[in-house]
Amino acid sequence: MADTATIEKVSIIVSKGSLEGIYPALIMANGARAEGIEADLFFTFFGLDAVTRRRWEHIRLATVGNPGLHLPTLVGGLPGMPDLVTRVLERKMAKLDIPPIPEFIEMIADTGAGLYACKASVDLFDLTEDDLIDQVKGVITVGEFYEHAAGGQIIYT
């Protein structure tokens, strides 16, 4: 007999501030919303870059210590390499109609997904709510995040 249980809610934790750390969370949240699943994103540590005004348009791919690139560390550390690899990946994503991070976040927020910033991380990096993009619904504690997540699946990217 097939299991008829369905996911009704997901809460996604975004802790990395690189393209490969942010995009999976955005793609998963967008997919959830497209399926009618409630979705919240919780941005913590360097994941806050995705929702910080001065950073969200400047997210790059990590080229050092990224085994998925199959690039020697020495090459990945060369000046200009992160920008070059980021531009190449962004062009490939554009061909697949995957929007840039700012546009993607706006699109997801417009579907009703909740975007929240971690209070401890905001305090750690000396940020204020004014430093965050308008789509962030609030700066919340981990406990408040768990309240939002209650009854749903938690995904860590």
Distance in Å, D49 CG paired with F43 CZ, rounded so as to fall on 0.5 Å steps: 11.0 Å
Approximate separation, where rounding is to 0.5 Å, of M93 CE and I27 CD1: 8.0 Å
Path from V14 to L124 over hydrophobic side-chain contacts below 4.5 Å: yes
M81 and L71: CA distance, side-chain angles, deciding distance, side-chain contact (heavy atoms from CB on, under 4.5 Å) verdict: CA-CA 11 Å; M81 189 56 72; L71 196 64; 4.3 Å; yes
Cationic N near anionic O, under 4.0 Å, K119 to D123: yes
R33 side-chain N/O to T111 backbone N/O, donor-acceptor pair under 3.5 Å: yes
Cluster overlap F46 with I105, hydrophobic side-chain contacts below 4.5 Å: yes
Nearest-0.5 Å distance that lies between atom CG in L26 and atom CD in E103: 11.5 Å
Point-to-point distance, once rounded to the nearest 0.5 Å, from CG of N66 to OG1 of T73: 10.0 Å
Closest approach of A29 to I108 (non-hydrogen atoms, all atoms of both residues): CB-CG2, 4.2 Å
Cluster check V51, V139: I/L/V/M/F/W/Y, side chain < 4.5 angstrom: yes
Residues L61, E20; criterion side-chain contact (heavy atoms from CB on, under 4.5 Å); working and verdict: CA-CA 6 Å; L61 187 72; E20 73 276 15; 2.9 Å; yes
Minimum heavy-atom distance A50-I22, with the two atoms named: CB-CD1, 3.6 Å
Closest non-hydrogen atom pair between A32 and A39, with its separation: CB-CB, 4.2 Å
CD1 on I59 to CG on L19, rounded to 0.5 Å: 7.0 Å
Sidechain-backbone polar pair: R53 side chain, I133 backbone, donor-acceptor under 3.5 Å: no
Check: T44 main-chain N/O paired with S121 side-chain donor or acceptor under 3.5 Å: no
Joint cluster assignment, I7 & I12, ILVMFWY side-chain distance < 4.5 Å: yes
hydrophobic_cluster_shared for M28 and I154, side chain cutoff 4.5 Å: no
Heavy-atom pair of closest approach, residues P99 and M107: CG-CE, 4.2 Å
T141 backbone acceptor or donor facing E144 side chain under 3.5 Å: yes
F125 atom CZ, neighbour heavy-atom count above 12 within 6.0 Å: yes
Nearest-0.5 Å distance that lies between atom CZ in R55 and atom CG in L48: 11.5 Å
F104 CZ: over 12 foreign heavy atoms closer than 6.0 Å: yes
Derivation of the side-chain contact (heavy atoms from CB on, under 4.5 Å) call for T52 and L132: CA-CA 4 Å; T52 301; L132 305 176; 3.9 Å; yes
Working for side-chain contact (heavy atoms from CB on, under 4.5 Å), residues K9 and D40: CA-CA 8 Å; K9 180 179 186 177; D40 289 324; 4.3 Å; yes
Option passing ring-ring contact (aromatic ring centres under 6.0 Å, His included) with F42 (candidates Y116, F145, Y156): F145
Heavy-atom closest contact (P82 atom, G76 atom, distance): CD-O, 4.2 Å
E106 atom CD, over 12 foreign heavy atoms within 6.0 Å: yes
